[in-house]
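Here's the structure we're looking at; comments come further down.
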Amino acid sequence: MQIETEILVIGGGLAGLTAALHLQQSGFHVTLIEKKPYPHHKVCGEYVSNEVLPYLSWLGISFESLKPALITSLQFSSVSGSFLNASLPLGGFGLSRYVMDDFLYQELLKRGVSVLFDTVNQVLYKNDLFYVETNANKQFVASHVLGAFGKRSSLDKTLGRDFMQSKSPYLAVKAHYEGEFPSNLVALHNFSGGYCGISKVEDNKLNICYLANFNRFKHFKNIESYQQEVLYKNKFLKTILEDSRMIFETPLTISQICFESKEPVFDHILMIGDTAALIHPLCGNGMAMAIHSAKIASELLIRFSQSKGLSRKVMEKEYTKQWKGLFQRRLFAGKILSAVFSNPTIQKLALGTLTKMPGLLSRTIKMTHGKPLSISQ
Ligand SMILES: Cc1cc2nc3c(=O)[nH]c(=O)nc-3n(C[C@H](O)[C@H](O)[C@H](O)COP(=O)(O)OP(=O)(O)OC[C@H]3O[C@@H](n4cnc5c(N)ncnc54)[C@H](O)[C@@H]3O)c2cc1C
């Protein structure tokens, strides 16, 4: 039996959850399919830029009761131990994905969105409709599909997306810790072949999350010895890791993290969040981009349903245009920064320049972030 829905959202991370909230609030019948039941941990630095706050508030969402850490400052250090401190132009908050995604999911349930825990394995577009199948053999027919299935999914392979062909040398490791760390600070400490983000989340927990080069990592017998041999070379990381106690039984890891270009629209599916593109984590803007792309896709779907003159083709073109206009510069800045900071000599030089020119640092941070999200409807 085929289940009919107006909008089907594939993936319930921040992008999918936000879009489902927005579209349900605008009167659509929305179904969201997520493969893992909530709550669940995710490999993420868990620092969210405040640019999303006006939009979340318009959606009727406030995370205040979850007591996020309020983050106003950035510390940045090189492998050799030179460092700089700066205030963040907009600031942000620290909240684990474990509580944040679950909070949004509970909100979806309260508002009557259908949520199904299953894995989508097929999406076909035919005669202006989408036919979607899941691992549990559920079949859906939808007028619109939003692709919110994250940075890399088996569905990307089924769809035949090009970026799945390229190998990525990055892996990431994350765990929560108990330890002393200023709750208003996000630190970005570099080490050979990667960088590590540190900041508080709710309940005074410390998130330590790093991106590393897999080709280097694989030569070590385990995470512990990699950290001691490589991360400890940065004195800040050595102190923090030695003085903190891991709360997780084992750290979470993911590999094949890919920063290749993708398509914001693929086979008529509007892609949102990491499914459209992943910004280098050192920018701390991936979650804000996920939420922002959910907003623009939702707004366009609303316009499409209200205006008889807007064809699907025009809507898709408009989404691509808006998406590129908002995010392409940030993605490019992220690529440049990541390249600059992957070379220890250039890293040292850049740190020296940025310390002497605080205005340049503030401009660099702004280049990787957006403005507070305005509400158009
Ligand atoms: C190491 C690292 C550190 C980061 N740190 C930060 C940070 O500090 N700040 C920041 O803003 N950003 C950070 N990011 C980026 C941020 O994590 C992402 O941009 C954000 O999670 C994107 O949200 P999303 O909803 O697009 O994807 P996700 O949160 O990944 O959600 C996708 C969902 O889709 C589901 N799914 C996948 N396939 C299917 C399927 N076939 N069927 C059904 N469901 C499916 C998955 O289970 C998942 O829940 C970091 C990224 C990395 C790699």
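Remember, it's 1-based here, ligands and their atoms both numbered in the order they're listed. Only heavy atoms go into these numbers, but all of them, side chains included; no hydrogens, no water, no symmetry mates.
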Among [options], which residue places a heavy atom closest to [atom]?
| atom | options | result |
| --- | --- | --- |
| atom 51 (C) of ligand 1 | S199, A294, C283, P281 | P281 |
| atom 23 (O) of ligand 1 | P37, A290, G286, G45 | A290 |
| atom 32 (C) of ligand 1 | G11, G197, A148 | A148 |

Near [X], which atoms of ligand 1 are under 4.0 Å from a heavy atom of that residue?
| X | value |
| --- | --- |
| E46 | 7 (C), 8 (O) |
| A15 | 25 (O), 26 (O) |
| G13 | 25 (O), 29 (O), 31 (O), 33 (C) |
| G273 | 26 (O) |
| L14 | 25 (O) |
| R97 | 17 (O), 20 (C), 21 (O), 29 (O) |
| I33 | 43 (C), 44 (N) |

Backbone or side-chain N or O of [X] under 3.5 Å from ligand 1 N or O:
| X | answer |
| --- | --- |
| V120 | yes |
| K151 | no |
| T119 | no |
| I10 | no |
| Y47 | yes |
| D101 | no |
| A172 | no |
| I254 | no |
| L155 | no |

Open item on the list: Between H144 and H268, does the ring-ring contact (aromatic ring centres under 6.0 Å, His included) criterion hold? Intermediate values first, please.
Closed with: CA-CA 8 Å; H144 298 281; H268 306 282; over 10 Å; no
Heavy atoms from other residues, nucleotides or ligands near [atom1] of [X] exceed 12 (cutoff 6.0 Å):
| X | atom1 | answer |
| --- | --- | --- |
| E4 | CD | no |
| R329 | CZ | no |
| K42 | NZ | yes |
| F117 | CZ | yes |
| K205 | NZ | yes |

- [ ] Hey, can you tell me if H22 and Y55 have their rings parallel, tilted or perpendicular (30° and 60° cut-offs)?
- [x] tilted
Open item on the list: Students often mix this up, so state it plainly: with edges at 30° and 60°, are the rings of F93 and F63 parallel, tilted or perpendicular?
Closed with: tilted
- [ ] Using the six-membered ring of F266, assess whether NZ or CZ of R161 lies under 6.0 Å from its centre and within 45 degrees of the ring axis.
- [x] yes
Task: Rounded distance (nearest 0.5 Å) linking atom CD of E64 with atom OG of S57 - done: 10.5 Å
For [Y] together with [X], are the ring centres under 6.0 Å from each other?
| X | Y | value |
| --- | --- | --- |
| F140 | Y131 | no |
| H292 | F327 | yes |
| H189 | Y210 | no |

For ligand 1, the portion of [X] having any non-hydrogen atom under 4.0 Å away:
| X | result |
| --- | --- |
| S153 | side chain |
| K42 | side chain |
| C209 | side chain |
| N285 | backbone |

Closest heavy-atom contact between [X] and [Y]?
| X | Y | answer |
| --- | --- | --- |
| P251 | V173 | CB-CG1, 3.7 Å |
| D274 | K262 | O-NZ, 2.6 Å |
| N207 | C44 | ND2-O, 2.9 Å |

TODO: Kindly determine whether H40 and Y38 satisfy ring-ring contact (aromatic ring centres under 6.0 Å, His included), including the steps that lead there.
DONE: CA-CA 5 Å; H40 51 250; Y38 303 96; 5.2 Å; yes
Quick one: look up the protein heavy atom nearest [atom] and list residue, atom name and how far away it is.
| atom | result |
| --- | --- |
| atom 14 (N) of ligand 1 | C44 SG, 4.0 Å |
| atom 36 (N) of ligand 1 | F149 CB, 3.9 Å |
| atom 18 (C) of ligand 1 | D274 OD2, 3.1 Å |
| atom 49 (O) of ligand 1 | E34 OE1, 2.7 Å |
| atom 44 (N) of ligand 1 | K35 N, 3.2 Å |
| atom 11 (O) of ligand 1 | M287 N, 2.8 Å |
| atom 27 (O) of ligand 1 | G150 CA, 3.6 Å |

Open item on the list: Check for me whether D118 has a heavy atom closer than 4.0 Å to any atom of ligand 1.
Closed with: yes
Open item on the list: Can you confirm whether N50 sits close enough to L53 that some side-chain heavy atom of one is under 4.5 Å from a side-chain heavy atom of the other?
Closed with: yes
